[in-house]
Amino acid sequence: MNDRPAGAPGIGRAGTGGPAVRAGTGLTATTAVRYALVPVRRLSLDAVARRSGLHPDLIRRFVALGLVDADRDAAGQLVFAPTAPALLARIQRLRSGLCLNYASIGLVLDLLDRISLLEAALQGRGTRSENPPWT
């Protein structure tokens, strides 16, 4: 289960644009280039703030910390993928439910992404875990 926008280069965590190598694991996450027939709808900072119920300054801080990916439009304003409010809700749940600071939240999100990649690899090989995923 991955709430992050998929692989578009920009500000934040997925800004490399090429294969991302996880330190010490040998796992690579490749970013496929996809060309949409219609432009992907992007959300402005105000729209994300309204949908998530967070202050725009807090969202800017999340972008600066690398917790949320964002791009800049032609006017230099932040624009987000449509999945950004779901990611912000996930960050808020981790913050309030587990009392984590924002640096820890970044680590937890990375670990959850790694778990998702490993579960997808297991499903791709046809092996199935006896236990349902915990996330």
Side-chain angles (χ1 to χ4, degrees):
M1 186 166 136
N2 189 356
D3 292 338
R4 278 197 212 131
I11 301 167
R13 295 158 36 113
T16 60
V21 177
R22 302 281 183 178
T25 64
L27 294 176
T28 60
T30 58
T31 305
V33 177
R34 295 182 185 185
Y35 297 99
L37 295 176
V38 275
V40 177
R41 183 177 167 147
R42 308 294 284 172
L43 298 173
S44 68
L45 178 62
D46 292 332
V48 171
R50 274 192 313 274
R51 290 181 184 189
S52 65
L54 298 175
H55 196 276
D57 290 338
L58 182 60
I59 297 171
R60 282 189 197 99
R61 179 172 292 177
F62 288 159
V63 171
L65 290 171
L67 296 175
V68 179
D69 292 330
D71 292 324
R72 297 221 179 244
D73 62 3
Q77 300 297 317
L78 290 174
V79 291
F80 299 86
T83 58
L87 176 59
L88 290 168
R90 188 178 201 189
I91 290 170
Q92 289 303 103
R93 283 193 310 271
L94 288 170
R95 173 88 170 145
S96 64
L98 299 177
C99 299
L100 297 174
N101 62 18
Y102 294 126
S104 300
I105 289 173
L107 177 64
V108 169
L109 290 174
D110 285 340
L111 290 173
L112 290 173
D113 285 345
R114 183 178 293 180
I115 289 169
S116 295
L117 285 173
L118 292 172
E119 286 177 348
L122 281 175
Q123 289 177 353
R125 278 198 280 163
T127 56
R128 185 170 170 247
S129 174
E130 296 172 5
N131 300 327
W134 61 276
T135 55

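Only this structure's heavy atoms are used, side chains among them; waters, hydrogens and symmetry mates stay out.
Separation of atoms CG (L94) and CG (L112) is listed at 7.0 Å; rounding is to 0.5 Å. R93 CZ to I105 CD1: the interatomic distance, rounded to the nearest 0.5 Å, is 11.0 Å. Between atom CZ of residue R42 and atom CG of residue D71 there is a gap of 4.5 Å, rounded to the nearest 0.5 Å. Expressed to the nearest 0.5 Å, how far CZ of R90 lies from CG of L67 amounts to 12.0 Å.
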Worksheet entry | Steps toward side chain to side chain contact (heavy atoms under 4.5 Å, CB included) verdict (L109, I91) | CA-CA 8 Å; L109 290 174; I91 290 170; 4.0 Å; yes
Fill in: L118 and L122: CA distance, side-chain angles, deciding distance, side chain to side chain contact (heavy atoms under 4.5 Å, CB included) verdict
CA-CA 6 Å; L118 292 172; L122 281 175; 5.7 Å; no
Item to complete: Check step by step if side chain to side chain donor-acceptor pair (under 3.5 Å) holds for S116 and D113.
Response: CA-CA 5 Å; S116 295; D113 285 345; 5.2 Å; no
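One hydrophobic cluster, built from ILVMFWY side chains closer than 4.5 Å, cannot hold both L87 and V79; they sit in different ones.
A side chain to side chain contact (heavy atoms under 4.5 Å, CB included) with V48 holds for exactly one of I59, V68, L78; it is I59.
Residues P85 and L43 meet the side-chain proximity criterion, which asks for heavy atoms closer than 4.5 Å. The shortest distance between side-chain heavy atoms of R51 and L88 does not fall below 4.5 Å.
With hydrogens and angles ignored, the 3.5 Å screen pairs no side-chain donor or acceptor of R72 with any backbone N or O of Q77.
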